[in-house]
Colleague: 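Got a structure for you, written out below as structure tokens; questions coming shortly.
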Amino acid sequence: MPTVVIIGAQWGDEGKGKIVDFLTEKCDYVVRFQGGCNAGHTVVVGDEKYILHLIPSGILHKNKKCIIGNGVVLDPGGLLKEIETLKNKGIEIDNNLYIAKHCHLIMPYHIAIEEQSEKKKKIGTTKKGIGPCYTDKIARNGVRMIDLLYPEILKNKIQANLEVINFLLKNLYNAESLNAEDIFNQYMNYGDKLKKYIADTDILINEAIDSGKNVLFEGAQGSLLDIDHGTYPYVTSSNTVAGGACTGAGVSPIKINSIIGVVKAYTTRVGGGPFPTEIKDELGEYIRQKGGEYGATTGRPRRCGWLDLVGLRHSVRVNGFTGLVITKLDILDGIDKLKICVGYKYGSRILEEFPKELEILENCTPVYEELPGWKESTRGIKNYENLPDNAKKYLQLIEDSLKIKIQIISTGQKRDEIIVKESPL
Ligand code: IMP
């Protein structure tokens, strides 16, 4: 079964977009299964840079079927803008994009509520309404893609939801109320423009798999931001781990045959929350500048730190990775001494497993193994043998500790700056 799931193994921004783009060459279908426009996948094709938030990056290839699965929360206004930008660049969309009927929609009141709640709670969200939209989904109040085709249902849902939301906006947050009629008209208009893409995507995907097509499931964010397995409450609101591909697309776990963990050669995190290996001095700033570590969606500076094998061990376990991809190795070129975190010290204890307690995670100190860096540039290297010896040692330590093969190493932003040791497809 040629199905592969691509997952971020850290706190997101591992460079999944480039890997998905690379593997799409061999795929017929690319499926997004969770998250929404909080994600930002950057892909560089020739001299053109594309930042995609909702549409799978497979769309940049000719004749690939791109699916937004039921697990995604979709902002229709944002999607329409993305479609328009891509069409203006000559990308074919209309015959290649499908959106699940059961995809939940981000409504203006989700964004309004999140703006207010972030003032108090400070998770450091992207303020795209992701959390409130998933809240409505679980509370069974959500508006779904299919509702755009049934005006009465849509109107009733918006009215019922706004009764509660406007009460909160006015009485709890002292903020302006929203108008149900305006939102209804705006979403009917979105429905008109998007209806041609609405489909039974679970059927499409399963038929594709059953007929031997190659299907790639493209994760967003990272495993340590998973709502169940991440650093709760400093997480996103969806299951970012591999299991999310099954529920978020309507595919059985027995139909998935490889799960690739994408690992940045160091670690970054954007937003609040514990980050044991964060580098708070000028080296952190150096990595941020060199690695272009600024959020693709919000432009916020990303916090930078050393590679953390404790977090990765957890990620390996909850995902069941069958192979790894290491990205941005070239950003470490020229750093004298490199550190890799192999354990956490908490009081007198050394922890080898990622703690579930936020209190421990916030107050532990990393135990590092120090490795000599390399002076040579690895940028654009395509052959593993040509990597500096110390870079190979750095990679070997990752493989040995995690006991998973590194299949691909990315050595730059461009499509062809890549070492393929073993293709997952
Ligand atoms: P939300 O997903 O907007 O609710 O934000 C929750 C947390 O996830 C915040 O810390 C965000 O910075 C983080 N987050 C959301 N999307 C991404 C992403 O694509 N990359 C990295 N962090 C993200």
Side-chain angles (χ1 to χ4, degrees), residues 6-20 32-43 50-57 71-75 78 82 104 106-107 109-138 218-241 244 248 261-264 266-275 278 288 291-305 308 311 315 327-328 358 361-362:
I6 308 292
I7 297 290
Q10 296 150 310
W11 277 290
D13 308 314
E14 295 89 353
K16 296 177 291 294
K18 173 176 164 175
I19 302 307
V20 169
R32 268 285 302 269
F33 55 86
Q34 46 72 228
C37 56
N38 47 353
H41 289 171
T42 309
V43 182
Y50 298 87
I51 298 181
L52 298 161
H53 298 286
L54 271 168
I55 301 179
S57 33
V72 171
V73 287
L74 185 147
D75 174 352
E82 204 164 304
H104 279 251
I106 295 185
M107 309 297 287
Y109 46 82
H110 294 140
I111 297 168
I113 279 288
E114 188 169 37
E115 266 168 14
Q116 298 304 326
S117 67
E118 265 292 299
K119 285 182 192 163
K120 295 191 174 172
K121 215 159 150 199
K122 293 212 176 1
I123 297 292
T125 73
T126 57
K127 295 192 187 153
K128 298 287 179 189
I130 306 292
C133 184
Y134 278 118
T135 303
D136 270 356
K137 172 176 175 172
I138 301 303
E218 171 180 356
Q221 290 87 43
S223 305
L224 302 180
L225 287 173
D226 183 276
I227 185 78
D228 285 285
H229 301 288
T231 49
Y232 190 89
Y234 297 99
V235 292
T236 192
S237 301
S238 60
N239 282 118
T240 56
V241 297
V262 184
V263 177
K264 197 176 327 201
Y266 45 99
T267 312
T268 60
R269 149 158 231 178
V270 58
F275 182 0
E278 183 167 12
R288 183 176 307 121
E293 297 296 353
Y294 292 89
T297 301
T298 58
R300 289 180 293 175
R302 294 178 188 144
R303 300 154 66 192
C304 298
D308 183 350
S315 194
T327 61
K328 293 190 139 181
L358 203 62
L361 209 47
E362 276 168 343

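The first residue in the sequence is number 1, and the count goes up from there. Just follow the structure's listing: the first ligand is 1, and inside any ligand the first atom is 1.
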Colleague: Within a radius of less than 6.0 Å around OH of Y232, do more than 12 heavy atoms belonging to other residues, nucleotides or ligands occur?
Modeller: no

Colleague: Among residues at least two apart in sequence or on other chains, which ones pass salt bridge (Lys or Arg N to Asp or Glu O under 4.0 Å) with E218?
Modeller: none

Colleague: Treating S223 as the side-chain partner and Q10 as the backbone partner, does any N or O pair qualify as donor plus acceptor under 3.5 Å?
Modeller: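 Checking the backbone N and O of Q10 against the side chain of S223, no donor-acceptor pair under 3.5 Å is found.
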
Colleague: Check each N or O atom of ligand 1 against all protein N or O atoms and list the pairs under 3.5 Å, with atom names and distances to 0.1 Å, one per line.
Modeller:
unit_1	atom_1	unit_2	atom_2	d
ligand 1	2 (O)	N38	ND2	2.8
ligand 1	2 (O)	T236	OG1	2.6
ligand 1	3 (O)	T126	N	2.8
ligand 1	3 (O)	T126	OG1	2.5
ligand 1	10 (O)	V270	O	3.1
ligand 1	12 (O)	G124	O	3.4
ligand 1	12 (O)	V270	O	2.9
ligand 1	12 (O)	R300	NH2	2.9
ligand 1	16 (N)	N38	O	3.4
ligand 1	16 (N)	Q221	NE2	3.2
ligand 1	19 (O)	N38	O	3.4
ligand 1	20 (N)	D13	OD1	3.0
ligand 1	20 (N)	D13	OD2	3.3

Colleague: For residues H110 and D136, is any side-chain donor paired with an opposing acceptor at under 3.5 Å?
Modeller: yes

Colleague: Sort out for me which residue in T126, L225, I106, T297 forms a side chain to side chain contact (heavy atoms under 4.5 Å, CB included) with N38.
Modeller: T126

Colleague: Could you check whether any side-chain heavy atom of W11 comes within less than 4.5 Å of a side-chain heavy atom of V270, counting everything from C-beta outward?
Modeller: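 No, side chains not in contact.
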
